[in-house]
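Here is the naming used below: chain letters follow the sequence lines, and residue numbers restart at 1 for every chain. Keep in mind the model is a prediction, meaning the values are calculated, not measured.
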Amino acid sequence: MSDIDFSKIEKKWQKAWHDKKVFEVKEDKKKPKQYVLEMFPYPSGSGLHMGHAHNYNIGDIYARFKRMQGFNVIHPMGFDSFGLPAENAAIKAKSHPKKFTEEAIANFIEQMKELGLSYDWSRKVETHKPDYYRWDQWVFLKMYEKGLVYRKKSPVNWCPECNTVLANEQVISGKCWRHEDTSVEIKHLEQWFLKITDYADELYEDLNKLDDWPELIKRLQRNWIGKSEGAEIDFIINKEKWKVFTTRPDTLFGVTFLVISAQHPRLMELVDSKQKVKVQEFVKKLHSVKEEDLDRMEKEGVFTGNYAQHPLTGEKIPLYAGNFVLADYGSGMVMGVPAHDERDYAFAKKYQISITSVVKPENNEKINAPYTGPGVLIHSEGFDGLQTAEAKEHIIKALEIKKLGRKVINFRLRDWLISRQRFWGTPIPIIYCEKCGAVPVPEKDLPVILPDKIQFSGVSNPLLTYKPFLETTCPRCKGKARRETDTMDTFVNSSWYFLRYCDPHNEKKIFDKDKAAYWCPIDMYVGGKEHACLHLIYFRFYTKFFRDLGLITFGEPAKRLFNQGFLLGPDGERMSKSRGNVVLPEVISKKYGIDVARLFLVSIASPDKDILWSDEGIDGSFRFLKRVFTYASTLKEGKSSKKIESKLHTTIKKVTDEIESFRYNLAVIRLRSLFESFEHESIAKSDFNAFIRILSPFIPHLSEELWQMSGNKGFASLSAWPAVDEKKIDEKFEQAEKAVEKTISDILNILRIVDEKKGKSNKIYVYVMPFELENYNAEELSKRVGKPVMVFSVSDKKKHDPEGKSSKAKPGKPGIYVD
RNA sequence: GCAGAGGUAGCAAAGCGGUCAAAUGCGAGGGACUCAAGAUCCCUUCCUUCAGUAGGUUCGGAGGUUCGAAUCCUCCCCUCUGCACCA
């Protein structure tokens, strides 16, 4: 059996699955559905490595498990096939990105099939195909209708390496998300935005409903959306009301200065003529500072020469321009309360501004300024003695009466900038007419197709100079017009793909409502945590929008989310082609078979942890599977002992649990342990079949083979998950098993001593309590200790017991005599 | 700086108040089989002890709670991952 060719077996079953369309599914109202999805990949030219395999394997095990449990499982796969790498490759080769993309996809599919992933390939979506991206454009138009799309000239993040702008979410510590060494520059451009902020509150609050999402992701999203409750307070400057946002309206009486952002568009209106030069110098200085250094800069400001009027006291408050105030958060102006805010304190110290304490800690403890905690109000006119929390309410109320302030909620989340100055993306369906301005392309004219016959020569978007695309007529006035050449961020494509899987070939609609209603929402979504504030926010936003359009009835796309860990290469680094530490599935497959690799990947550690690939480790999984095959091919039908039955059903129960909770590593250990019990005795065929079935999600191909070897018809993949028979589970067998193990180690221990003292021993006699007799199998014991073992009941009259060791026997602890 | 996650035997990794000297895999050592190697199978793998089921010292470090702690609490050290002036 050692020459068994797993790889060959796998090919056979891959073909059978494909030929019989085993994983294709249709809506079936009579069956409960289960939507299992792994984040679809960008089809890179370098193909799949073991790291990808690990990811898809985790989802596949779950999908297979659910399928066997009787669910109608939709488990689709597709490709997020727009994106820069293909375009860059095209520029380099003066070719078309479509060519690279489609070759890469073909390669990916091939590789995925070799992994034996149970996808319904009839549902494949590819985002670069017009029949997909036309619906991106359609959604854009719908958002446009609903006022969720706008165009604005604004400072945007520009990656010089990508030659395009980036969304806020794509800037990571001042660097591009794709180029960790490239600093993002700020440019001022006219760009299209999606008003995700309209959904900010819901995106924030609904996180509380996502009980089965990892806390980590929810925390990151909360952080990113950044909801803060506070007040908007009007300060009068030059007889005009200027809004200031604060989360601490309770400290209003401690305000001793105001700061307006140096980037504020209306800054100069507020600067006194005497200070103009100074302020201009200050602003100029800031412009020369790189974005990335801005973070680390000291808080600086310059007096504008102007004063604001305090809304409640009427006091004159100096106004500064500051480098640390964000122009696009709140109102771009803040109030300075140096006694109760670290930054304000430092600022006040630096510019010798007075400090007025208005909150004292409850227990009168001595504190170092500034005091930022809660307490009781002082020096706050009629509000003295109030707790900070109630003071907030009262002061806001007072402001509301005077119409000088109101309760307000602010978000850190910004609108989603979707314009990209690149070719390989969904064209934004907008036409610029000299008379009518920006006009959306009428729905009937969709899709706006990306041209195939276009030359890739330079670094910039070739659409800019490609007349057949560029030149068009205005849908409104029929006059001369030109098309928008910017394309959409690729995250647009991935924001709703899970819905398209439900009805991937629909030419009339984005998807059929009933089909989507049957399959959605996603029951189990598997993917990396790096998307916490990107894809995972965007697709929640799209889902809410679709709900508001009436296309679906749910507001959250995925009920459960699982973040898998990364597979690290043998060198302990993230597996990637550029690092040169990739392990290729096809290489491993050839040597061991892919099921061996799949089993190994989930044996190493809990799937949510980063795991380390090791070339030796996989041998363990290989040995195990070889043993299983040897066993299966020599299996003689028998009757299972009560002990085996108990263990089998315990295992089924636990493995079911462990798959459900993604503790695959523990499930594998249990399966191995069950098999070891099998090895020592004869078992019923039906019990072996149950074992094959619970093994099946982990080693799908080999299970099919075992299933067939065992004389079964059909596919193990489609067989029913074994039911647990609680009546057969009896813990006493587990204890018995432990007692046997202990006995073996005792025997060996005694043997060692005896061999040392008296020379070679021959036979071992074990005396057990009469009711324990069935637990002690002489044959197995002999094999385990490597010497003949005889088992007697203590009550057996004919037992060989020259030293009366049987009298030492206790339940669970047999007497032992060595001859 | 703030917020999270984590530090377990040679390595990886379970365990998260008693049944824990701590599952499992790898590695290492010994044995069986073989002319031999490989494969396979069995055993051992913190220390000591021994015709057995015993004792000792362990789960980043130091304290504490408890009849009892790898598991709970406090402080400290280290590693990783997010957010970095959002008022």
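Between A:E393 and A:K407, at least one side-chain N (NZ, or NE/NH1/NH2) sits under 4.0 Å from a carboxylate O, which counts as a salt bridge.
With sequence neighbours excluded, the residues that form a ring-ring contact (aromatic ring centres under 6.0 Å, His included) with A:F562 are A:F662.
Within 4.0 Å of A:V325, counting heavy atoms only, lies at least one base atom of the nucleic acid. Nucleic acid contact class of A:G330 (heavy atoms, under 4.0 Å, all strands): none. Nucleic acid contact class of A:S606 (heavy atoms, under 4.0 Å, all strands): sugar-phosphate only. As judged by a 4.0 angstrom heavy-atom cut-off over every strand, A:L220 is placed among residues touching the sugar-phosphate backbone only.
Residues in residues 247-259 of chain A take part in these salt bridge (Lys or Arg N to Asp or Glu O under 4.0 Å) pairs, two or more places apart or across chains: A:R248-A:D250.
Rounded to whole Å, the separation between the P atoms of B:rU65 and B:rU79 comes to 31 Å. Rounded to the nearest Å, the gap between the C1' atom of B:rG18 and that of B:rA70 is 13 Å. Across B:rU24 and B:rA13, the matching C1' atoms stand 8 Å from one another, rounded to whole Å. Separation of the P atoms belonging to B:rU71 and B:rC16 is 12 Å when rounded to the nearest angstrom. Rounded to whole Å, the P atom of B:rA14 lies 30 Å from the corresponding atom of B:rU48. Across the C1' atoms, B:rA62 and B:rC47 are found 25 Å apart, a figure rounded to whole Å. B:rC78 and B:rG27 have their C1' atoms separated by 27 Å, given to the nearest Å. Across B:rC85 and B:rA12, the matching C1' atoms stand 42 Å from one another, rounded to whole Å.
A 3.5 Å limit on both hydrogen-bonding distances identifies B:rC78 as the Watson-Crick or G-U partner of B:rG6. The nucleotide B:rC86 finds no pairing partner, because no Watson-Crick or G-U wobble arrangement with both distances shorter than 3.5 Å includes it. Under the Watson-Crick and G-U wobble criteria, each requiring two contacts below 3.5 Å, nucleotide B:rC67 is paired to B:rG18.
In terms of position along RNA chain B, the nucleotide closest to A:R623 lies nearer the 5' end than the nucleotide closest to the other residue of the pair A:R623 and A:T743.
One donor-acceptor pair, N or O on each side, does fall under 3.5 Å between the base of B:rC86 and the side chain of A:R414.
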Which protein N or O atoms sit under 3.5 Å from an N or O of nucleotides 70-72 of chain B?
none

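The aromatic rings of A:H310 and A:F253 sit tilted relative to each other, their planes meeting at an angle between 30° and 60°. Classification of the A:F698-A:Y664 ring pair by plane angle, with boundaries at 30° and 60°, yields perpendicular.
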